[in-house]
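Everything numeric here is computed off the predicted structure, so don't read it as measured data. If you read the sequence from its start, that first residue is 1, and numbering goes on from there.
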Amino acid sequence: LALGIPIFDTLFSMLRRFLERRSMFSPDRGHFHHRLLALGFKQRHVVIIAYTVTGIVAGLGMLMMVTRSTNSLVIFFCILLLLLLTFRIVGSVRLHETIAGLQKKYKFASQYRRERMNFEQAQLYFYGAHTFDQWWAAVCEAAQRMDFAWVSLKTKDKDGTERTEVWRLADAQADLSKIIVVTVPVRGNGSVRVMEFEIAILVNGSLESAGHRATLFSRLIDDFNICQTIMK
């Protein structure tokens, strides 16, 4: 109990970083003394407050040593509540923000797993592609699974002939006002000098999710390059 402040401070710091999806060892400004400084206290006053709280909980802890077992348990939980209240007052922990953070993290983790599963399903189509038409069908399947609005592939041959393949989302209810357009270059071969994808990604919740789906699609195109696929 005498180490209550540093122990709780460490636990709440780990919780904050977990909810923010940061490294457990990354620095922040949410520690007990940082919050007191942010409230306008001087360094000397912060130290006095920490000493005072530590003295109170340590004194109550010593009181547990001379009381009966049942009363000791009551005192112990009262001390824990006192420490939690102290951290709540200074702003190191906020119940509503913690609950909201847990819900957001769970939602993102579920979405991430779903996007990863769709990516792995799309890989199976690319494994079976041995011609351009099969490869393009795999691209369209991946775009469908990853909630794209459209995908276009522009190619330019050595003689200057240009060709464009386009896939568009058939769902008329999709919100096309919130999309991210990304250009993805593709390695060509001797006969095709320029190859370029333009993908339009439906945001559907968060920009991070859209960026993650763009990364997964780029990985598919990089791993299953059309030139390498046809040559196998």
Side-chain angles (χ1 to χ4, degrees), residues 6-32 34-35 38 83-85 87-127 138-153 167-186 196-225:
I7 290 174
F8 273 87
D9 197 24
T10 301
L11 292 176
F12 290 141
S13 296
M14 295 172 63
L15 178 61
R16 282 195 308 273
R17 293 161 188 168
F18 171 76
L19 295 177
E20 296 170 1
R21 289 181 279 128
R22 296 191 293 122
S23 169
M24 290 295 177
F25 304 100
S26 62
D28 61 28
R29 302 288 296 179
H31 289 282
F32 183 79
H34 289 146
R35 298 304 307 168
L83 286 170
L84 288 173
L85 180 62
F87 278 88
R88 175 67 181 84
I89 292 174
V90 302
S92 292
V93 58
R94 298 180 178 89
L95 181 60
H96 294 294
E97 292 183 3
T98 301
I99 295 174
L102 288 172
Q103 292 174 341
K104 182 179 179 181
K105 186 173 179 63
Y106 174 77
K107 180 180 178 181
F108 178 81
S110 300
Q111 190 174 33
Y112 182 89
R113 286 193 299 269
R114 184 170 61 254
E115 292 169 357
R116 183 73 185 184
M117 182 179 64
N118 289 330
F119 166 77
E120 292 172 354
Q121 289 293 326
Q123 281 182 313
L124 300 178
Y125 288 88
F126 280 95
Y127 282 126
V139 169
C140 296
E141 180 66 25
Q144 177 74 37
R145 289 179 174 275
M146 295 182 179
D147 292 334
F148 288 3
W150 73 78
V151 174
S152 68
L153 173 63
W167 171 89
R168 292 185 182 277
L169 180 67
D171 188 359
Q173 296 181 351
D175 186 3
L176 299 181
S177 64
K178 297 179 180 180
I179 61 174
I180 297 177
V181 179
V182 180
T183 300
V184 181
V186 184
E196 184 179 85
F197 270 103
E198 182 181 84
I199 58 177
I201 310 163
L202 296 172
V203 174
N204 286 350
S206 68
L207 293 174
E208 184 174 358
S209 171
H212 182 237
R213 282 177 278 137
T215 301
L216 292 176
F217 181 82
S218 300
R219 178 179 167 183
L220 285 173
I221 300 305
D222 198 37
D223 291 346
F224 301 96
N225 183 271

Between T183 and E196, is a side-chain hydrogen bond (donor to acceptor under 3.5 Å, both in side chains) present by the stated rule, with each step listed?
CA-CA 7 Å; T183 300; E196 184 179 85; 5.0 Å; no
Got a list of side-chain donor-acceptor pairs under 3.5 Å for residues 139-150, not counting sequence neighbours?
from: E141; atom 1: OE2; to: R145; atom 2: NE; distance (Å): 3.0
from: W150; atom 1: NE1; to: E198; atom 2: OE1; distance (Å): 3.4

Under 3.5 Å: donor-acceptor pair, side chain of R213, backbone of L202
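Indeed, once roles are kept as given, a pair shorter than 3.5 Å links the two residues.
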Heavy atoms of other groups near K105 NZ, more than 12 under 6.0 Å:
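It does: K105 NZ has more than 12 such atoms within range.
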What's the spacing between [X] [atom1] and [Y] [atom2] if we round to 0.5 Å?
X	Y	atom1	atom2	value
L85	R88	CG	CZ	9.0 Å
I89	L84	CD1	CG	11.0 Å
I199	I221	CD1	CD1	8.5 Å
E97	L102	CD	CG	12.0 Å
F224	R219	CZ	CZ	8.5 Å

Taking the side chain as every heavy atom from C-beta outward, state whether F217 and F197 have any pair of such atoms under 4.5 Å apart.
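F217 reaches F197 side chain to side chain.
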Taking the side chain as every heavy atom from C-beta outward, state whether R113 and R116 have any pair of such atoms under 4.5 Å apart.
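R113 vs R116: side chains apart.
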Minimum heavy-atom distance between I179 and A200, given as atom pair plus value
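Minimum heavy-atom separation between I179 and A200: CD1-CB, 4.2 Å.
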Side-chain donor-acceptor contacts of residues 10-18 below 3.5 Å, not counting sequence neighbours, with atom names and distances?
from: T10; atom 1: OG1; to: P6; atom 2: O; distance (Å): 2.8
from: S13; atom 1: OG; to: D9; atom 2: O; distance (Å): 2.7
from: S13; atom 1: OG; to: R16; atom 2: NH2; distance (Å): 3.0
from: S13; atom 1: OG; to: H31; atom 2: ND1; distance (Å): 3.2
from: R16; atom 1: NH1; to: G30; atom 2: O; distance (Å): 3.2
from: R16; atom 1: NH1; to: S92; atom 2: O; distance (Å): 3.4
from: R16; atom 1: NH2; to: D28; atom 2: OD1; distance (Å): 3.4
from: R16; atom 1: NH2; to: D28; atom 2: OD2; distance (Å): 3.3
from: R16; atom 1: NH2; to: G30; atom 2: O; distance (Å): 3.4
from: R17; atom 1: NE; to: S26; atom 2: O; distance (Å): 2.9
from: R17; atom 1: NE; to: D28; atom 2: OD2; distance (Å): 3.3
from: R17; atom 1: NH1; to: M24; atom 2: O; distance (Å): 2.7
from: R17; atom 1: NH2; to: S26; atom 2: O; distance (Å): 3.0

Looking at F108, I'd like to know if the NZ or CZ of R21 sits under 6.0 Å from its six-membered ring centre while staying within 45 degrees of the ring's axis.
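Yes, a cation-pi geometry.
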